[in-house]
K.L.:
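Got a structure for you, questions after.
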2 protein chains.
Amino acid sequence: MPESKTIAEAALATGLTTHTLRYYEQIGLIDPVPRRGGQRVYGEAEMRFIHFVLKLRCTGMSMRDIQEYVRLRRLGETPESIRERGDLLARHATKLRAQLVDLTETIARLDEKIALYRSIYPDEPLPSPAEPPVAVAPAATPSNRRKHA
Amino acid sequence: MPESKTIAEAALATGLTTHTLRYYEQIGLIDPVPRRGGQRVYGEAEMRFIHFVLKLRCTGMSMRDIQEYVRLRRLGETPESIRERGDLLARHATKLRAQLVDLTETIARLDEKIALYRSIYPDEPLPSPAEPPVAVAPAATPSNRRKHA
DNA sequence: CTACGCCTTCGAGTGCGCTCTAAGTCAACA
DNA sequence: TGTTGACTTAGAGCGCACTCGAAGGCGTAG
């Protein structure tokens with residue numbers, strides 16, 4: 001039994017609710033999950049794909065685009081499907097790259113402003129200086145908890 | 001006359017609608033704009049601040065936090081106001097940094113997937129390879145056009 | 001003087017992405 | 001056998017961030 005999960009376990013593992021998992025399946029954001037005795041069984045492949053979808057979601061890909069991607073995936077490994085999927089992801093990657101630029105700029109500007117404020121009333125040792133651009137462990141990203149991400 | 005704008009001109013310059021500008025003012029997302037004969041006059045300071053707010057918005061700061069920031073700003077240059085504003089921005093910057101990490105990772109993963117797809121059916125010369133992490137001009141970011149950003 | 005743009009208030013509507021309840025059924029486990 | 005958990009469909013409701021329209025009034029440029 002290679003790590004099969006019930007819907008409740010899958011919910012726990014993804015940080016979603018059972019409601020939301022069924023909802024996602026219903027609107028085609030994820031493929032129909034195989035059933036055993038009518039109940040959904042989430043295998044490793046399913047879990048991996050759900051995590052991928054959540055990654056896309058939380059980087060701002062729209063439901064629509066993800067639905068399209070899933071639709072293409074269901075068409076199988078035809079040249080068209082593969083190429084279109086690649087294009088879809090490439091378009092998203094392009095958007096993300098632009099976002100990255102914007103984000104980097106904004107952080108720099110914020111850091112300036114913050115430094116300004118701090119220089120006026122430097123009370124506590126500055127917790128977020130301008131130098132190290134990245135300092136967060138990439139591990140803990142439980143993504144969507146309930147109540148508006 | 002140092003570049004004063006009517007609301008319509010301000011709308012044009014920001015890519016918002018007059019509706020949205022008044023709406024932002026109403027909900028306290030921007031300060032009340034000075035009036036002349038009852039009509040709003042957007043000076044350079046106003047325009048600069050609106051652009052800053054839009055920057056915050058489009059990097060995902062919530063309306064609530066921006067409202068709070070504007071509220072603090074209205075309190076003037078007291079130590080509390082200044083410190084709290086700094087903290088607010090610092091918290092946002094921290095979130096952005098985390099986002100940056102996530103984004104960078106996701107782009108890398110997407111590029112892998114894309115390369116995979118392309119390697120199966122390499123038709124057109126790959127327009128988005130994995131190497132150059134940034135290639136977009138930072139200039140053209142008109143931000144919120146109308147119709148759901 | 002008149003037309004135009006702006007003002008105000010009010011309220012309805014939109015799209016997204018959930019979130020939850022209800023009602024009734026069914027299967028597996030202890 | 002009974003409880004638990006999952007299933008279905010259907011539908012209501014919510015928070016966010018707009019978006020638009022209407023109605024009625026007013027100031028200023030041409």
Side-chain angles (χ1 to χ4, degrees), chain A residues 1 4-30 32-43 46 50 53-70 92 95 142-149, chain B residues 1 4-30 32-43 46 50 53-70 92 95 142-149:
Chain A
M1 210 172 273
S4 295
K5 287 190 203 307
T6 68
I7 195 170
E9 291 164 347
L12 217 82
T14 53
L16 302 172
T17 63
T18 57
H19 274 309
T20 304
L21 277 172
R22 289 195 204 99
Y23 169 70
Y24 277 3
E25 192 178 323
Q26 187 193 317
I27 64 169
L29 204 70
I30 56 181
V33 174
R35 321 288 164 120
R36 205 179 343 148
Q39 303 199 187
R40 289 171 181 81
V41 177
Y42 294 81
E46 278 77 28
I50 292 172
V53 164
L54 289 182
K55 199 89 202 171
L56 293 181
R57 278 288 307 117
C58 84
T59 56
M61 188 183 269
S62 71
M63 309 283 268
R64 253 154 228 245
D65 283 350
I66 301 177
Q67 283 165 347
E68 177 64 7
Y69 180 80
V70 173
H92 188 55
K95 274 188 218 159
S143 300
N144 303 30
R145 295 132 240 84
R146 50 223 57 173
K147 298 294 168 194
H148 46 69
Chain B
M1 210 172 271
S4 295
K5 287 190 204 307
T6 67
I7 194 170
E9 291 162 349
L12 217 81
T14 53
L16 302 171
T17 63
T18 58
H19 271 310
T20 304
L21 277 172
R22 290 195 205 99
Y23 169 70
Y24 277 2
E25 193 179 323
Q26 186 194 318
I27 64 169
L29 205 70
I30 56 182
V33 174
R35 321 287 164 120
R36 205 179 341 146
Q39 304 198 187
R40 291 171 180 81
V41 177
Y42 293 81
E46 279 75 28
I50 292 173
V53 163
L54 289 182
K55 200 91 201 168
L56 293 181
R57 278 287 308 115
C58 85
T59 56
M61 189 183 269
S62 71
M63 310 284 270
R64 255 155 225 247
D65 282 351
I66 301 177
Q67 283 165 348
E68 176 65 7
Y69 180 81
V70 173
H92 188 55
K95 274 188 218 158
S143 304
N144 304 27
R145 294 132 243 84
R146 46 223 58 170
K147 297 293 168 194
H148 46 68

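Chain letters run A, B, ... following the sequence lines, proteins first and then strands; every chain starts at 1.
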K.L.:
Rounded to the nearest Å, what distance is computed from the CD1 atom of residue A:Ile27 to the P atom of nucleotide C:dG15?
P.N.:
16 Å

K.L.:
About how many Å separate CE of A:Met63 and CG of A:Leu56, when rounded to the nearest 0.5 Å?
P.N.:
12.0 Å

K.L.:
Can you pull the salt bridge (Lys or Arg N to Asp or Glu O under 4.0 Å) pairs that have at least one residue in residues 4-15 of chain A, sequence neighbours excluded?
P.N.:
none

K.L.:
With a 4.0 Å limit, can you tell me whether A:Tyr24 has a side-chain N or O closer than that to the phosphate oxygens OP1/OP2 of C:dC18?
P.N.:
yes

K.L.:
Would you say B:Tyr24 and B:Ile50 make side-chain contact, with heavy atoms under 4.5 Å?
P.N.:
no

K.L.:
Using the salt bridge (charged side-chain N to carboxylate O under 4.0 Å, His left out) criterion, which residues pair with B:Arg64? Sequence neighbours excluded.
P.N.:
none

K.L.:
Measuring from the side chain of B:Arg64 (C-beta onward, heavy atoms only), which nucleotide among D:dC16, C:dT19, C:dT21 has the closest atom?
P.N.:
D:dC16

K.L.:
A:Tyr23 OH to C:dC18 C1': how many Å, rounded?
P.N.:
6 Å

K.L.:
Could you work out which one of D:dC18, D:dG21, C:dC18 sits closest to the side chain of A:Arg57?
P.N.:
C:dC18

K.L.:
Between B:Glu46 and B:Arg40 (salt bridge meaning N to carboxylate O under 4.0 Å), is one present in this structure?
P.N.:
no

K.L.:
Between B:Gly37 and B:Met61, which is nearer to the 5' end of DNA chain D once each is assigned its nearest nucleotide?
P.N.:
B:Met61

K.L.:
Would you mind building the protein contact string for nucleotides 1-8 of chain C? One character per nucleotide, 5' to 3', B for base within reach (heavy atoms under 4.0 Å), S for sugar-phosphate only, - for untouched.
P.N.:
----BSSB

K.L.:
So, does B:Gln39 use its side chain to make a donor-acceptor pair with the main chain of B:Thr6 at under 3.5 Å?
P.N.:
no

K.L.:
Nearest whole Å is fine: how far is C:dG13 C1' from B:His19 NE2?
P.N.:
13 Å

